Protein chains: 2
Amino acid sequence: MTKATFYHAGCPVCVSAEQDLIHIIDRQQVDLEVIHLGETPEKIVEAEAAGLQSVPALVLDQGQVLHINFGAALTDLE
Amino acid sequence: MTKATFYHAGCPVCVSAEQDLIHIIDRQQVDLEVIHLGETPEKIVEAEAAGLQSVPALVLDQGQVLHINFGAALTDLE
């Protein structure tokens, strides 16, 4: 099972990317967690440590960060 | 079946994103085509028409374009 964490901030680009990903990710193989950084700002530090620069982004369990389009810079959420 | 087209140009960021996506995309539900724009530059026009601005990117069949990280601008491939 691959662990994947989708970070977003509720922005239109974020919501759109989330909908797209949910339809193509293999949920049998991927344990997908969705984190709304606007609602849980205490997790911004963890996101930054993972290498996030903007949202929406998907972090995979081996440390890969996939920034998907551009909704907002992480620094704008702080 | 969802059709998805992954456009890349063989760059390190592209190869990395492709490997990541192949592991999380549901291949039972998604018909994934991979197009190397460096090797098939005649497809750059089609990619631009789809809304691609950079590679790597994934285009879904309802027209959504997911730019994933940044390897190269499409204009740099022309």
Side-chain angles (χ1 to χ4, degrees), chain A residues 1-37 44 46-77, chain B residues 1-37 44 46-77:
Chain A
M1 200 80 172
T2 297
K3 167 84 181 165
T5 309
F6 181 75
Y7 289 95
H8 72 109
C11 56
V13 171
C14 297
V15 172
S16 175
E18 183 181 357
Q19 289 303 314
D20 293 337
L21 285 175
I22 281 175
H23 283 99
I24 62 173
I25 286 181
D26 185 350
R27 304 299 291 271
Q28 303 293 316
Q29 300 293 330
V30 180
D31 174 21
L32 181 64
E33 183 181 5
V34 176
I35 293 181
H36 189 318
L37 291 176
I44 291 177
E46 140 195 331
E48 273 181 333
L52 236 75
Q53 296 177 1
S54 61
V55 286
L58 191 67
V59 177
L60 304 183
D61 56 6
Q62 292 185 316
Q64 312 96 308
V65 182
L66 302 176
H67 293 98
I68 299 166
N69 292 332
F70 180 84
L74 213 61
T75 49
D76 289 335
L77 303 178
Chain B
M1 200 80 172
T2 297
K3 167 85 180 164
T5 308
F6 181 75
Y7 290 96
H8 72 107
C11 57
V13 171
C14 297
V15 172
S16 174
E18 184 182 354
Q19 289 304 315
D20 292 338
L21 285 175
I22 281 175
H23 284 99
I24 62 173
I25 285 180
D26 186 349
R27 304 298 291 272
Q28 303 294 317
Q29 301 293 328
V30 180
D31 174 20
L32 181 64
E33 183 181 6
V34 176
I35 293 180
H36 189 319
L37 291 175
I44 292 178
E46 138 195 333
E48 274 181 333
L52 235 74
Q53 296 176 1
S54 61
V55 286
L58 190 69
V59 176
L60 304 183
D61 56 5
Q62 292 185 318
Q64 312 97 306
V65 182
L66 302 177
H67 294 97
I68 299 166
N69 292 334
F70 179 84
L74 213 61
T75 50
D76 289 336
L77 304 178

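By convention in this document, chain letters (A, B, ...) are assigned in the order of the sequence lines, proteins followed by strands, and residues within each chain are numbered from 1. Predicted model only: the values in this text are computed from it and were never measured.
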K.L.:
Is it the case that over 12 heavy atoms from other parts of the model lie below 6.0 angstrom from the NE2 atom of A/His23?
P.N.:
no
K.L.:
With chain A as the partner, which of B/Gln62, B/Gln64, B/His67 has the greatest number of non-hydrogen pairs under 4.5 Å?
P.N.:
B/His67
K.L.:
Counting heavy-atom pairs under 4.5 Å to chain B, which of A/Thr2, A/Leu21, A/Leu32, A/Leu66 comes out on top?
P.N.:
A/Leu66
K.L.:
In terms of heavy-atom proximity below 4.5 Å to chain B, should A/Leu58 be classed as side chain, backbone, both, or neither?
P.N.:
side chain
K.L.:
Please state whether the side chain, the backbone, both or neither of A/Val13 comes within less than 4.5 Å of a heavy atom of chain B.
P.N.:
neither
K.L.:
Please classify the contact between A/Leu60 and chain B as side chain, backbone, both or neither, with a heavy-atom cut-off of under 4.5 Å.
P.N.:
side chain
K.L.:
Nearest heavy-atom pair of B/Val65 and A/Asn69: which atoms, and what distance?
P.N.:
O-ND2, 2.9 Å
K.L.:
Any donor-acceptor pair under 3.5 Å linking the side chain of A/Asp26 with the backbone of B/Arg27?
P.N.:
no
